[in-house]
Number of protein chains: 2
Amino acid sequence: MTSTQSDRPIQSAELDSQSLRVIRAVADGGSITAAANALGYSQPAISQTIGRLEKRLGMAVVVRSARGVRLTEAGEVLARHAATVLRALDAAADELSDLSGLRSGLVRVAAFPSASSTIVPRLLGNMTKEHPGVRFSYVEAEPPEAVQAVRDHAADLALTFSYPGDPDDPHLASTAGLTITPLWREQMLLVLPEAEAPTTSIDFADLAGADWIAGCARCRGHLVKTCSAHGFEPRLGFETDNVPAVMAMVAAGLGIALLPSLAMAGSPLPSGVTTRPPARDDYRTIHLVSAPGASRVPAIAATTTAIRALNVSSWGLETG
Amino acid sequence: MTSTQSDRPIQSAELDSQSLRVIRAVADGGSITAAANALGYSQPAISQTIGRLEKRLGMAVVVRSARGVRLTEAGEVLARHAATVLRALDAAADELSDLSGLRSGLVRVAAFPSASSTIVPRLLGNMTKEHPGVRFSYVEAEPPEAVQAVRDHAADLALTFSYPGDPDDPHLASTAGLTITPLWREQMLLVLPEAEAPTTSIDFADLAGADWIAGCARCRGHLVKTCSAHGFEPRLGFETDNVPAVMAMVAAGLGIALLPSLAMAGSPLPSGVTTRPPARDDYRTIHLVSAPGASRVPAIAATTTAIRALNVSSWGLETG
DNA sequence: TTCTCCCATAACTTCGCGTTATGTTTGCGA
DNA sequence: TCGCAAACATAACGCGAAGTTATGGGAGAA
């Protein structure tokens, strides 16, 4: 009584968006030739696409008509759902275009404190002016935490610094899978009362008797290391990572300090306080840390490019 | 300042449903390997599919993570729209399965009047019992109009008849593109008063002096042709294609008639009226007319199969 | 360190999906 | 009635997408 139907259910995997595009074009144009012209294909391409689809489905999708072709019920089903599918694909393509064209996207930046008032505002200002659709988040973090944030995918890009030869350099330990690019060398400056400042640079060895005001843990480590390289151990009286406080302490005659040049740019020197470079150049290095693949995310790639393009000479940074 | 983006907008043609399936599986499984297992592919297949997609889009869709992989913003966009796309594809596949599995579908049938009360009810009864989801429409139409309906795609299947040697046979003229299958031979019967009926069959030549009641135009043509083949021209007194009316006229002694056997099945003989077969077999042929490709529409194919499977012997039809 | 998990790559095969060239059918017009 | 034109199908072919297995390398965990 009943016919010998295969009765195999149609899997959605047997439907592809290209076939739906073709069906819709045929429905709109009324003929295979018209669809081919509309889609920019040759006539046999459409004919074969439909033929393959019908073979997969095991039923006719179009039937030849006097002039052109018309859809079967199955074809109508496909044409109806094609509208939904193709609308969604168009929407996705639009959003991807926005990401690709830097009209949308989010970049999560982390950087160390003295960058917060110097590099970061200029960077984000340039970027939002150039690409208003790109959004940024920013968290201030010391290098170890910043690196960890990138590792955890909590941040896309991190600006960090490291002192030469630092054994605790977070970039050395378990930075597996991260890309670390040196950006600039940042000059270290001695901060001291004007009265005690010589006219030119200062030899570290002359400072063996001074009281020192230390900064963050790793900065203090660098200070101790530098002093011991010059044959003495610094007398550390005060500790704070608050730069204006350090300067005020220097102004109050409580000691001298060794600060990176970005700290100067962020906080004006109090009167009576000045800076001098050490006789033997002292610097730390600023790095850009990113997860691999960051270059293949348009907004992040654009941000890294913008970072490299920053004019940083006014802050005492040297490209290197 | 800005980076060198290609900035080429993403075309929705660069997105295919397979990539979306893969993206969704990766999003769900959290790793490429898990997605491969879920989809039944090898791990490199998924890896390469994503790689090709990223190459087409010009941006990353996933980033390697500690354990497995995670989506970028672009990947999230795709995963979000993938839900819509795949839902629509599943819906389409379901509907196609219903069509394929004879749980839905519409078959438009046309047939000649005497089939309306015989063949067609039995056919549609069988079909709706066997396949409740399949819907039917039916229009009664004489063969020329029925053939035209199929040609115009106003009907999917038509039951028609033709008399042997009919020069106006609608199946001969402009049936291009239609499939015509002979189904059965239908016996023609003489309808006459019982009083005048011989016990066995009747030789046509003995009826030269009778008055005749004619049916439809083509039936009348057949009658005239048959009579002239036997050397006389029938005296046509009454014309109607109303079968009960013909029988009533015969019962009233107004003449005799030549009717196809299906007409008998549809209308009971009045008392005093009987039928006899002509001595030399007289028949017409019942055809199935369908548009090409009808066999590739499941519901229509099932209907044609059901037509062939009909038990029609009780109506005086012979397979041939 | 070593083991395990996961992803990428290489090398290869197959077939989907285009192309151009050509055939077939239908409807139309001289 | 006889080509002509229009539309779809088919053939033959090429390329690249998309799958496979085998293998390598990096990162986390015992």
Side-chain angles (χ1 to χ4, degrees), chain A residues 13-22 25-26 29-56 60-71 75 147-148 150-153 173-179 291-293 296, chain B residues 13-22 25-26 29-57 60-71 75 148 150-153 173-179 291-293 296:
Chain A
E14 305 181 70
L15 301 175
D16 61 309
S17 41
Q18 181 64 8
S19 295
L20 295 184
R21 264 184 278 270
V22 167
V26 169
S31 77
I32 288 182
T33 302
N37 293 334
L39 296 176
Y41 291 119
S42 65
Q43 171 263 316
I46 306 302
S47 186
Q48 291 175 116
T49 296
I50 293 176
R52 285 190 297 267
L53 175 64
E54 292 184 327
K55 190 177 173 186
R56 283 200 299 267
V61 168
V62 300
V63 289
R64 295 194 51 174
S65 180
R67 266 313 192 247
V69 100
R70 69 172 49 203
L71 301 186
V147 169
Q148 189 59 34
V150 175
R151 295 197 73 219
D152 296 344
H153 292 95
S174 105
T175 55
L178 300 186
T179 302
R296 304 187 53 220
Chain B
E14 304 183 70
L15 301 176
D16 61 310
S17 41
Q18 181 64 7
S19 296
L20 296 184
R21 265 185 277 270
V22 167
V26 169
S31 77
I32 288 181
T33 301
N37 292 334
L39 296 176
Y41 291 119
S42 66
Q43 172 264 315
I46 305 302
S47 186
Q48 292 174 118
T49 295
I50 293 177
R52 284 190 297 268
L53 176 64
E54 290 182 329
K55 189 177 173 186
R56 282 202 299 269
L57 300 182
V61 168
V62 299
V63 289
R64 296 195 47 173
S65 181
R67 267 304 189 252
V69 99
R70 70 171 49 205
L71 300 186
Q148 189 58 36
V150 176
R151 295 196 73 219
D152 296 345
H153 292 95
S174 103
T175 56
L178 299 186
T179 301
R296 303 187 54 221

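The chains referred to below are lettered A, B, ... by the order of the sequence lines, with proteins before strands, and numbering in each begins at 1. What you see below is based on every heavy atom in this structure, not just the backbone, and it leaves out hydrogens, waters and symmetry mates.
Among pairs with a residue in residues 36-51 of chain B, those fulfilling side chain to side chain donor-acceptor pair (under 3.5 Å) read B:Q18-B:Y41, B:T49-B:R52, at least two apart in sequence or across chains.
If you take CG of A:N37 and P of C:dT19, they are 11 Å apart, rounded to a whole angstrom. For the pair B:D152 CG and C:dT26 P, the interatomic distance rounds to 16 Å; values are reported in whole Å. As a whole-Å value, the separation of B:R56 CZ from D:dA17 P is 8 Å. Regarding A:Q148, its CD atom lies at a distance of 14 Å from the C1' atom of D:dA27, rounded to whole Å. Across the protein-nucleic acid pair, B:R52 atom CZ and C:dG16 atom C1' stand 12 Å apart, rounded to whole Å. Rounded to an integer number of Å, the gap from CG of A:D16 to C1' of D:dA17 is 13 Å. Rounding to whole angstrom units, CG of residue B:L15 and P of D:dA17 are separated by 15 Å. For the pair B:Q18 CD and D:dG16 C1', the interatomic distance rounds to 17 Å; values are reported in whole Å.
For the atom pair CD1 (B:I50) and CD1 (B:I32), the distance works out to 4.0 Å, reported to the nearest 0.5 Å. A:I46 CD1 to A:T33 OG1: the interatomic distance, rounded to the nearest 0.5 Å, is 9.5 Å. Put simply, OG on B:S17 and CD on A:E14 are 12.0 Å apart, with the number rounded to the nearest 0.5 Å. Summarising the geometry, atom CG belonging to A:L39 is positioned 8.5 Å from atom CZ belonging to A:R21; distances are rounded to the nearest 0.5 Å. How far CD of A:E54 is from CZ of B:R296: 4.0 Å, rounded to the nearest 0.5 Å.
Side-chain N/O atoms of B:R67 include none lying less than 4.0 angstrom from OP1 or OP2 on C:dC5. Of the side-chain N and O atoms in B:T49, one or more sit less than 4.0 angstrom from OP1 or OP2 of D:dG19. OP1 or OP2 of C:dG27 lies within a sub-4.0 Å distance of a side-chain N or O belonging to B:R151. The side chain of B:T33 contributes no N or O atom lying less than 4.0 Å from OP1 or OP2 of C:dC5.
In this structure, A:S31 reaches the sugar-phosphate backbone alone: every heavy-atom distance under 4.0 Å involves primed, P, OP1 or OP2 atoms, never a base.
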What nitrogen or oxygen pairs link the protein and nucleotides 9-14 of chain D at under 3.5 Å?
from  : atom 1 : to    : atom 2 : distance (Å)
D:dA9 : OP2    : A:S47 : OG     : 2.4
D:dA9 : N7     : A:Q43 : NE2    : 3.1
D:dA9 : N6     : A:Q43 : OE1    : 3.2

Inset, instruction - Could you give me the CA-CA distance, side-chain angles and deciding distance for B:V69 and B:V26, then say whether side-chain contact (heavy atoms from CB on, under 4.5 Å) is met? - result: CA-CA 8 Å; B:V69 99; B:V26 169; 3.5 Å; yes
